[in-house]
Amino acid sequence: MVKGACECGAITYEMGAELGPVTACHCSQCRKISGHFTAATPAPIEAVAIKGEVRWYRSSQRAQRGFCPTCGSYLFWEEFDGLLYLMAGAFEAPTGLQMDGHIYYGDKGDYYEVRDGLPRYQTGRKSQVIKD
Ligand SMILES: [Zn+2]
Ligand SMILES: [Zn+2]
């Protein structure tokens, strides 16, 4: 059972099902919304039990982003295909999870590099892998 919470504790959630690997996203939208890049893992939305009042921001036609209205923690990215992406930074340790790659690395900020040996995709997972 994975549990998570925002910084102030007003929003908590529990995930019954197994979670897959964590993927980092370096797109400009994720960077603006989080202050750096995001790391998240998808879950079927019906498997996540959320307590507390989430504020949703409709960031595109196909997705919305969920925040705590009190402390501003960015917790969820919901794609309107039944998947809710949980931001891994809000999980209670130990998570037992591993990161498996970096998407939209071609859109990353110019002030950092990631050299953890994981694949760094130009855009999505099917795109070109960026070499050093
Ligand atoms: Zn909060
Ligand atoms: Zn992104």
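Quick caveat: nothing in here was measured; it's all calculated off a predicted structure. Both ligands and their constituent atoms are indexed starting at 1 by order of listing.
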Asker: So which heavy atom on Gly109 is nearest to which on Arg31, and how close?
Answerer: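 Closest pair (atom of Gly109, atom of Arg31, distance): N-NE, 3.4 Å.
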Asker: With rounding to 10 degrees, what does the angle Cys68:SG / the Zn ion (ligand 1) / Cys71:SG come to?
Answerer: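 Value returned, to the nearest 10°, is 110°.
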Asker: Could you check, using the six-membered ring where one of them is a Trp, whether His36 and Tyr111 have ring centers closer than 6.0 angstrom?
Answerer: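 Distance test on ring centres: under 6.0 Å, yes.
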Asker: What's the SG-the Zn ion (ligand 1)-SG angle here (Cys8, Cys6), rounded to 10 degrees?
Answerer: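 Approximately 110° at the metal, rounded to tens of degrees.
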Asker: With under 30° as parallel and over 60° as perpendicular, where do the rings of Tyr85 and Trp77 fit, or are they tilted in between?
Answerer: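 Tilted, since the angle between the ring planes falls between 30° and 60°.
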Asker: Please assess Thr12 against Lys3 for the test side chain to side chain contact (heavy atoms under 4.5 Å, CB included), listing each intermediate value before the final yes or no.
Answerer: CA-CA 7 Å; Thr12 59; Lys3 293 182 179 184; over 6 Å; no
Asker: Under 2.8 Å from the Zn ion (ligand 2), can any N, O or S atom of Cys27 be found?
Answerer: yes
